[in-house]
Amino acid sequence: MNVSYLYSLLAVIVLGLIAYAGAVVGLEALFGIVIPYLAVLVFFVGFVNKVLDWAKAPVPFRITTTCGQQKTLDWIKPSPIDNPTTTVGVIIRMLLEILLFRSLFRNTRVEFKGEKISYKWVLWLWLFAIMFHYSFFVVVIRHLRFFVEPVPFFISALETVDGMLQIGLPGLFISGATLLGGATLLLLRRILLPKINYISRAADYFPLFLIIGIALTGILMRYFIKVDVVKVKELTMGLASFHPGIPEDGVSALFYVHLFFVSLLVAYIPFSKLMHMGGIFLSPTRNLANNNRMKRHINPWNPKVKIHTYEEYEEDFREKMKEADIPVEKE
Amino acid sequence: MKDKGKIIVGLVIFVAVFTFPFWYNHGAATQAPEPELTEKAKKADKCVEETAYMRKEHMQILDEWRDTVVRDGKRLYVNASGKEYMASLSNTCIDCHSNKEKFCDKCHDYASVDPYCWDCHTYPEEKE
């Protein structure tokens, strides 16, 4: 039995209760100012530190796990995007990977069909992932309305599109529903599929529960147990403009739970699998052109070896070689 | 590896984009808007429900009013303390809050909310 998800769920519930209790007993400044600032600081320092650490790792040779024909003889058709030899090809491959999750699109499931083994093309993971990531992206952009004044055009335009269904008031944002749905489906995948469940650890469940917690508290505050949005923006604008303050009333404890969850998530990113946000740009199997045969890649930690080329060898022994009737390249 | 330069450029872009709210505001403190009340609204002292409730739930009330009036033809709204009102945006709400620009728009603009009331309703001429 995999109890990792129970621990993670419990951890998120306890953390939520801590923030709730903190807001009730009057620690709003801690959960509304100190922790968010600390979280942002940890995020930036941790993120940059992690990427610089990765940048130091030597990549002596092109790692060419590819999904297409390498460029070779003229009459063999190469695959310029799946197995690129040029920078342009690499950029296209990276864009497709980052924007369309092409690796997940190739997901297969191994199954025994009676005696025979089958590799089935399974798109669910790709679908849930793309739903989840793009919803989260839209939700984050939408939330910028709380952090900038005046609100720029692109944010209000996005809100109009996101709210185009005009269901209820305040109008339903599609991205909120699909974010919660996507995260829940990704969680169910880990809990219900035995093979995925077997390889899932607390570090896989915790961020999912945390994000579900964020989505739930956010949805509650918008549609069900409402907060005074103007007061909320007063607080968040204080943070964004470095004039922090806690508004007198109108901001409920639920808001501090939401903010605490977000702070935790932001601070957690550099130390967890969520670092794939920066890591995807540094995937050696995706961002290196397969030009091993065209360019010489020298391993940076090789010791300096004194070499003696054939030309030099021939230079040294040409006369003797001629006498012994050994063919030479230069007369 | 020779890509360190590229990675650092990437990091600089990352930090610049992700700190957008911090540099967009230039660190300038902003004042939360205070919607202005007309004389009539001040005299009435109370909206159809308590102020704190109205601040959070007015959109829900309007949504319910629209449904009960347009779909069920019921114009009567009884508030929490038993007082009766006519459910009407144009006749009840705007009777007091006849200053859209200084009342409605103030918070809506601040919170980037664009209500679609005025897609159908026309706003009467503003008067203080």
Side-chain angles (χ1 to χ4, degrees), chain A residues 40 43-44 47-48 51-52 54-60 142-152 155-156 159-160 163 166 168-171 221 223 225-243 245 247 249-250 252 277-278 281-282 284 287-288 297 300, chain B residues 1-35 50-67 89 104-117 119-120:
Chain A
V40 169
F43 171 71
F44 281 109
F47 198 104
V48 170
V51 172
L52 288 181
W54 285 336
K56 277 186 214 138
V59 182
R142 270 205 287 105
H143 273 73
L144 283 176
R145 76 175 165 128
F146 292 112
F147 296 93
V148 291
E149 178 63 32
V151 178
I155 297 175
S156 12
E159 283 178 327
T160 308
Q166 296 194 339
L169 266 179
M221 277 192 293
Y223 307 103
I225 315 166
K226 295 198 190 67
V227 288
D228 189 338
V229 177
V230 172
K231 296 278 186 218
V232 168
K233 183 156 180 180
E234 208 180 318
L235 191 154
T236 50
M237 276 308 291
L239 292 175
S241 61
F242 299 108
H243 293 84
D249 48 34
S252 64
M277 181 174 152
F281 293 93
L282 301 182
N287 67 7
L288 295 172
H297 299 279
Chain B
M1 193 175 164
K2 283 172 288 178
D3 290 339
K4 222 171 236 177
K6 286 182 206 157
I7 294 175
I8 287 174
V9 170
L11 274 179
V12 170
I13 294 171
F14 156 75
V15 172
V17 170
F18 276 66
T19 49
F20 169 71
F22 294 117
W23 51 258
Y24 182 84
N25 296 311
H26 313 291
T30 50
Q31 204 66 45
E34 203 48 57
E50 294 295 334
T51 309
Y53 183 83
M54 289 309 290
R55 283 187 79 114
K56 292 182 200 168
E57 306 279 351
H58 61 279
M59 68 300 268
Q60 202 112 334
I61 291 179
L62 286 170
D63 197 35
E64 280 163 26
W65 282 13
R66 181 193 62 186
D67 290 356
L89 175 70
C104 310
D105 292 350
K106 275 216 158 168
C107 294
H108 288 158
D109 287 348
Y110 184 66
S112 175
V113 177
D114 183 21
Y116 53 88
C117 310
D119 288 5
C120 303

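As a basis for the values below, the full set of heavy atoms in this structure was taken, side chains included, without hydrogen atoms, waters or symmetry mates. Proteins get letters first, then strands, A, B, ... in listed order; numbering begins at 1 in each.
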Proximity breakdown for [X] and chain B, heavy-atom pairs closer than 4.5 Å:
{"X": "A/Glu149", "result": "both"}
{"X": "A/Leu282", "result": "side chain"}
{"X": "A/Val148", "result": "both"}
{"X": "A/Met277", "result": "side chain"}

Sequence neighbours excluded, which residues qualify as side chain to side chain contact (heavy atoms under 4.5 Å, CB included) partners of B/Pro115?
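Scan of B/Pro115 (side chain to side chain contact (heavy atoms under 4.5 Å, CB included), adjacent residues dropped) gives B/His108, B/Val113, B/Cys117.
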Checking heavy atoms, do the side chain of [X], its backbone, both or neither come under 4.5 Å from chain A?
{"X": "B/Phe18", "value": "both"}
{"X": "B/Tyr24", "value": "side chain"}
{"X": "B/Ala52", "value": "neither"}

Does the plane of the ring in B/Phe14 sit parallel, tilted or perpendicular to the ring in A/Phe47? Use 30° and 60° as the thresholds.
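Parallel.
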Should the pair A/Phe146 and A/His143 be assigned to parallel (<30°), tilted (30 to 60°) or perpendicular (>60°) ring geometry?
tilted
Would you say that more than 12 heavy atoms from the other residues, nucleotides or ligands in this model lie under 6.0 Å from the CD of A/Gln166, or not?
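Yes - once you tally the heavy atoms of other residues, nucleotides and ligands closer than 6.0 Å, there are more than 12.
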So which atom in A/Pro152 and which in B/Phe20 form the shortest heavy-atom distance, rounded to 0.1 Å?
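Looks like CG-CZ, 4.3 Å.
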So, the side chain of A/Lys233 versus the backbone of A/Arg145: is there a donor-acceptor pair under 3.5 Å, distance only?
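Yes.
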Give a yes or no answer on whether the side chain of B/Asp63 reaches the backbone of B/Met59 with a donor-acceptor pair at less than 3.5 Å.
no
Residue among [options] with most heavy-atom pairs under 4.5 Å to chain B:
{"options": "A/Val229, A/Val48, A/Val40", "result": "A/Val48"}
{"options": "A/Phe43, A/Phe281, A/Trp54", "result": "A/Phe43"}
{"options": "A/Ser156, A/Pro150, A/Gly171", "result": "A/Pro150"}

Taking salt bridge (Lys or Arg N to Asp or Glu O under 4.0 Å) as the definition, give me every residue that meets it alongside B/Glu64, ordered by chain and number, with sequence neighbours left out.
none
Which of the residues B/Ser112, B/Gly10, B/Cys107, B/Pro33 is involved in the greatest number of heavy-atom pairs with chain A at under 4.5 angstrom?
B/Ser112
